[in-house]
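All residue numbers in this chain count up from 1 along the given sequence. These numbers come from the heavy atoms of this one structure, side chains and all, not from hydrogens, waters or symmetry mates. Please read these numbers as outputs of a predicted model, since none were measured by experiment.
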Amino acid sequence: MSPSPLPSLRLPLRPAAPLPRTRAPTSAAAAAGSSLAPSPSPRAALLLKPLAAAPYRHQPALLLHQRRRDGPPAIAATATSKPALKDPKKYQEWDSVTAKFAGAANVPFLLLQLPQIVLNARNLLAGNKTALFAVPWLGMLTGLLGNLSLLSYFAKKKETEAAIVQTLGVISTYAVLVQLAMAESMPVPQFVATSVVVAAGLILNFLNYLGWLPGTLWLLWEDFITVGGLAVLPQVMWSTFVPFIPNSVLPGIISGSLALAAVTMARMGKLSDAGIKFVGSLSGWTATLLFMWMPVAQMWTNYLNPSNIKGLSAFSMLLAMLGNGLMIPRAVFIRDLMWFTGSIWASVLQGWGNLACMYFFGSISREFFFATTSGLFLWLGFTFWRDTIAYGNSSPLTSLKELVFGK
C-alpha cells in the first residue's frame with residue numbers, strides 16, 4: 001500500500017504560515033537585533049518536531065509478523081548478537097565441535113529405530129502380520145509429528161545437523177508406519193493423510209532451508225503444525241491415564257480449537273507483539289513437550305505393570321540417552337532453551353530414568369547402571385565447563401543463567 005500521510009493538525013504554537021528559514025546573523029543584524037524574523041523558541045521547536053515526523057505507513061498483519069520473525073536488520077543484529085569474547089579462537093572451536101556432536105547423534109538414533117524396522121520386515125515376509133499389531137501406530141504417529149515440527153524449527157534456524165537428525169527421525173518413523181499399513185494395523189485413511197503431510201513437510205522444509213519458499217506459504221505451514229501439535233499433545237496426555245479417566249476426544253478438540261483461534265488472531269494482527277511471539281513459539285515447544293511426555297508415559301506403564309520392565313531393552317535406553325546427550329552441548333552453545341529442555345529431559349528421564357527403574361527391579365547389573373550414571377554426569381560437567389571457556393564466563397553457573405534468562 002502507498003503511504004498515507006497523517007492529517008495536519010494546527011496547534012496554538014504553530015503559525016498559519018510556514019516559518020522562514022533562519023540563517024546565521026550578519027554583523028549588522030547582530031548589532032540591530034533580528035526582531036523581524038525571530039527564530040522559534042526551544043520549547044516551540046520541540047513541539048513542532050513530532051509534526052514533521054515520517055508519514056505513517058500501514059502494513060498488513062502478515063507482513064508485520066514476517067518482519068518480527070525475520071528479526072532486526074543485519075547491522076543491528078551483528079552489533080548486538082555477538083558476545084564480547086575473551087578468546088574468539090576457543091569460541092569458534094567449540095562452535096565446530098558442538099555441531100559435530102549434534103551430527104553424531106544420528107548414529108544412536110538410527111540404531112534405535114533400525115531393529116524395529118528389521119523385525120517388522122521379517123514378520124511381513126513370514127506372513128505374520130499379527131505381530132505388527134503390538135506396535136501402536138498412534139504412538140508412532142505422535143513421534144512422527146514431533147519430528148516434523150522440530151524439523152521445521154531447526155531448518156528455520158539453519159541448524160543443519162539438528163535438522164538432519166529430525167529428518168532421519170521422520171523417515172525412519174514413516175518407514176515403520178508403512179509396514180504397519182501393509183500389515184493392516186494402521187487404517188488406510190489415516191495412513192494416506194499421514195503420507196501427504198510427511199511429503200509436504202519434507203518438501204517445504206527443504207525449500208525453506210534453501211531460501212526458495214515464499215514467506216506466506218511457510219507461515220501457513222507453521223500455522224498447520226502449530227494447530228496440529230496443540231490438538232495432539234493434550235489428547236496424548238489424556239489417553240495415557242485411560243482407563244483411570246474416561247476415554248474422550250474432547251481434550252484434542254478443545255485445545256485444537258483454541259490453537260486455531262490464537263493463530264487466526266495472530267495473523268489478523270489482533271494480538272500484541274508478545275502474543276504473536278508466543279504463538280510463533282508454540283509449534284517448537286509443543287513438539288518438545290510431545291517428546292518429553294513419551295518417557296513419562298513409559299514410566300507410568302512401568303509403575304502400573306512392573307513385569308513389563310523385563311521386556312525393555314537396556315541397549316535401547318542407552319542409545320536414547322546417548323543420542324539426546326550428544327545434542328545438549330549444541331543447545332547450550334547457541335542458548336536455545338527449548339532444545340536444551342527437550343534434550344536434557346529425554347537424556348535424563350527417558351534414558352537414565354528408565355535405566356534406574358530397570359536397576360531398581362533387578363533387570364540390569366549394578367556395574368552397568370553406575371557406569372552409565374557416571375558417564376552422564378561427567379558429560380554434563382564437560383559440556384558446561386567447555387561452554388564456560390568458550391564464552392569466557394566466570395563459572396558454569398553464568399552459562400546456565402544465560403541459557404535460561406538470556407544475556
**Q** Are Y391 and W94 close enough that their ring centres sit under 6.0 Å apart?
**A** no
**Q** More than 12 heavy atoms of other residues, nucleotides or ligands under 6.0 Å from CZ of F369: yes or no?
**A** yes
**Q** Which atom names give the shortest non-hydrogen contact between S255 and A231, and what distance separates them?
**A** OG-CA, 3.7 Å
**Q** What verdict does the side-chain hydrogen bond (donor to acceptor under 3.5 Å, both in side chains) test give for N120 and Q116, after you've listed the backbone C-alpha separation in whole Å, the side-chain angles of each residue and the deciding distance to 0.1 Å?
**A** CA-CA 6 Å; N120 292 342; Q116 184 66 57; 2.9 Å; yes
**Q** Given the rule in the side-chain contact (heavy atoms from CB on, under 4.5 Å) test, do I344 and L380 qualify, once you have shown the distances and angles that lead to the verdict?
**A** CA-CA 9 Å; I344 193 71; L380 294 177; 3.5 Å; yes
**Q** Answer yes or no: is there a donor N or O on one side and an acceptor on the other, between the side chain of S281 and the main chain of F278, under 3.5 Å?
**A** yes
**Q** Check whether any side-chain N or O of Q179 sits under 3.5 Å from a backbone N or O of I117 as a donor-acceptor pair, and report yes or no.
**A** yes
**Q** Only one of L148, L150, L145 passes side chain to side chain contact (heavy atoms under 4.5 Å, CB included) with V170; say which it is.
**A** L148
**Q** Which side-chain hydrogen bond (donor to acceptor under 3.5 Å, both in side chains) pairs, counting each pair once, include a residue from residues 124-138, with sequence neighbours left out?
**A** N128-T130
**Q** Might you point out which heavy atoms bring A183 and L132 nearest each other, and give the distance in Å?
**A** CB-CD2, 3.7 Å
**Q** In Å, rounded to the nearest 0.5 Å, how long is the span from OG of S363 to CE of M317?
**A**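 Separation between the atoms: 11.5 Å.
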**Q** Would you please test T160 and Y209 for side-chain hydrogen bond (donor to acceptor under 3.5 Å, both in side chains) and show each step?
**A** CA-CA 9 Å; T160 305; Y209 182 83; 2.5 Å; yes
**Q** For atom NZ of K157, decide whether the heavy atoms of other residues, nucleotides or ligands shown that lie under 6.0 angstrom number more than 12.
**A**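 It does: K157 NZ has more than 12 such atoms within range.
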**Q** Find the distance between CG (N247) and CH2 (W238) and round it off to the nearest 0.5 Å.
**A** 9.5 Å
**Q** Determine, stepwise, if the pair W339 / I334 fulfils side-chain contact (heavy atoms from CB on, under 4.5 Å).
**A** CA-CA 10 Å; W339 190 3; I334 67 174; 3.7 Å; yes
**Q** Taking the side chain as every heavy atom from C-beta outward, state whether V97 and P329 have any atom pair closer than 4.5 Å.
**A** no
**Q** Just so I know, are the side chains of F333 and R386 near enough to count as touching, which here means a heavy-atom distance under 4.5 Å?
**A**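 In short, these two side chains do not touch, never coming nearer than 4.5 Å.
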**Q** How about F377: does its CZ atom have over 12 heavy atoms from other parts shown lying under 6.0 Å from it?
**A** no
**Q** What's the verdict on side-chain contact (heavy atoms from CB on, under 4.5 Å) for L400 and F384, showing C-alpha distance, side-chain angles and the deciding distance?
**A** CA-CA 8 Å; L400 184 61; F384 281 98; 3.9 Å; yes
**Q** Taking S96 for the side chain and E93 for the main chain, is one N or O donor matched with an acceptor at less than 3.5 Å?
**A**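 Pair absent, no side-chain N/O of S96 close to backbone of E93.
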**Q** If you take all heavy atoms of S149 and I225, which pair is closest and at what distance?
**A**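 For S149 and I225, the tightest heavy-atom pair comes out as OG-CB, 4.0 Å.
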**Q** Would you confirm whether N393, through its side chain, and S395, through its main-chain N or O, come within 3.5 Å as a donor-acceptor pair?
**A** no
**Q** Decide if atom CE of M182 counts as having more than 12 heavy atoms of other residues, nucleotides or ligands within a radius under 6.0 Å.
**A** no
**Q** Taking it one step at a time, do F315 and F368 satisfy ring-ring contact (aromatic ring centres under 6.0 Å, His included)?
**A** CA-CA 11 Å; F315 183 65; F368 180 82; 9.3 Å; no
**Q** Say you draw a straight line from CD of Q166 to CG of N106; how long is it, rounded to the nearest 0.5 Å?
**A** 9.5 Å
**Q** Could you give me the CA-CA distance, side-chain angles and deciding distance for S347 and W352, then say whether side-chain hydrogen bond (donor to acceptor under 3.5 Å, both in side chains) is met?
**A** CA-CA 6 Å; S347 184; W352 181 85; over 6 Å; no
**Q** Between E161 and R330, does any side-chain N to carboxylate O distance fall below 4.0 Å?
**A** no
**Q** Can you confirm whether L258 sits close enough to L230 that some side-chain heavy atom of one is under 4.5 Å from a side-chain heavy atom of the other?
**A**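 Of all side-chain heavy-atom pairs linking L230 with L258, none is under 4.5 Å.
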**Q** Would you call the rings of F101 and W379 parallel, tilted or perpendicular if under 30° counts as parallel and over 60° as perpendicular?
**A**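 Geometry flag for W379 against F101: perpendicular rings.
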**Q** Indicate yes or no: at least one non-hydrogen side-chain atom of W221 is less than 4.5 angstrom from one of S152.
**A**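 In contact.
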**Q** To the nearest 0.5 Å, how far apart are CD1 in I254 and OG in S248?
**A**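 The distance works out to 7.5 Å.
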**Q** Looking only at heavy atoms, what is the nearest atom pair of A104 and P108, with distance?
**A**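 In terms of heavy atoms, the two residues are closest at O-CD, 3.3 Å.
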**Q** How long is the gap from OH on Y174 to OG1 on T194, to the nearest 0.5 Å?
**A** 8.0 Å
**Q** State whether the side chain of T264 and the backbone N or O of L260 hold a donor-acceptor pair below 3.5 Å, judged by distance alone.
**A**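 Present.
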**Q** Verify side-chain hydrogen bond (donor to acceptor under 3.5 Å, both in side chains) between Y153 and N205, making sure each step is shown before the conclusion.
**A** CA-CA 9 Å; Y153 177 80; N205 278 283; over 6 Å; no
**Q** Measuring from atom CG of L111 to atom OG of S316, what distance do you get when rounded to the nearest 0.5 angstrom?
**A**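 Answer for the CG-OG pair, L111 versus S316, is 10.0 Å.
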**Q** Which pair of non-hydrogen atoms, one from M186 and one from L177, has the smallest distance, and what is that distance?
**A** SD-CD2, 3.9 Å
**Q** Any carboxylate oxygen within less than 4.0 angstrom of a Lys/Arg side-chain nitrogen, looking at D387 and R335?
**A**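 Salt bridge: yes.
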**Q** A side-chain contact here means heavy atoms from C-beta on lying under 4.5 Å apart; do L403 and F340 qualify?
**A**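 Yes - at least one pair of side-chain heavy atoms lies under 4.5 Å apart.
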**Q** A quick test of your reading: do over 12 heavy atoms of other residues, nucleotides or ligands sit less than 6.0 Å from CZ of F360?
**A**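 Open.
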**Q** I want to check something: taking the side chain as every heavy atom from C-beta on, are T388 and T398 in contact at a cut-off of under 4.5 Å?
**A**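 A side-chain contact is absent here, since even the closest heavy-atom pair is not under 4.5 Å.
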**Q** What closest approach, in Å, do I276 and A266 show between heavy atoms, and which atom pair accounts for it?
**A**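 Taking every non-hydrogen atom into account, CD1-O, 4.1 Å.
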**Q** May I have the step-by-step check of side-chain contact (heavy atoms from CB on, under 4.5 Å) for M237 and L233, ending in yes or no?
**A** CA-CA 6 Å; M237 297 173 69; L233 176 61; 3.9 Å; yes
**Q** So, do T167 and L202 sit near enough that their side-chain heavy atoms are less than 4.5 Å apart?
**A** yes
**Q** Mind checking whether W285 and T341 have side chains closer than 4.5 Å, heavy atoms only?
**A** yes
**Q** Check whether more than 12 heavy atoms from other residues, nucleotides or ligands sit under 6.0 Å from atom NZ of K89, and answer yes or no.
**A** no
**Q** Can you list the residues that meet the side-chain hydrogen bond (donor to acceptor under 3.5 Å, both in side chains) rule with N324, with sequence neighbours excluded?
**A**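 Result, side-chain hydrogen bond (donor to acceptor under 3.5 Å, both in side chains) vs N324: none returned.
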**Q** Test your reading of the model: is there a side-chain donor-acceptor pair from T240 to the backbone of V236, 3.5 Å cut-off?
**A**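 Yes, T240 side chain to V236 backbone: donor-acceptor pair under 3.5 Å.
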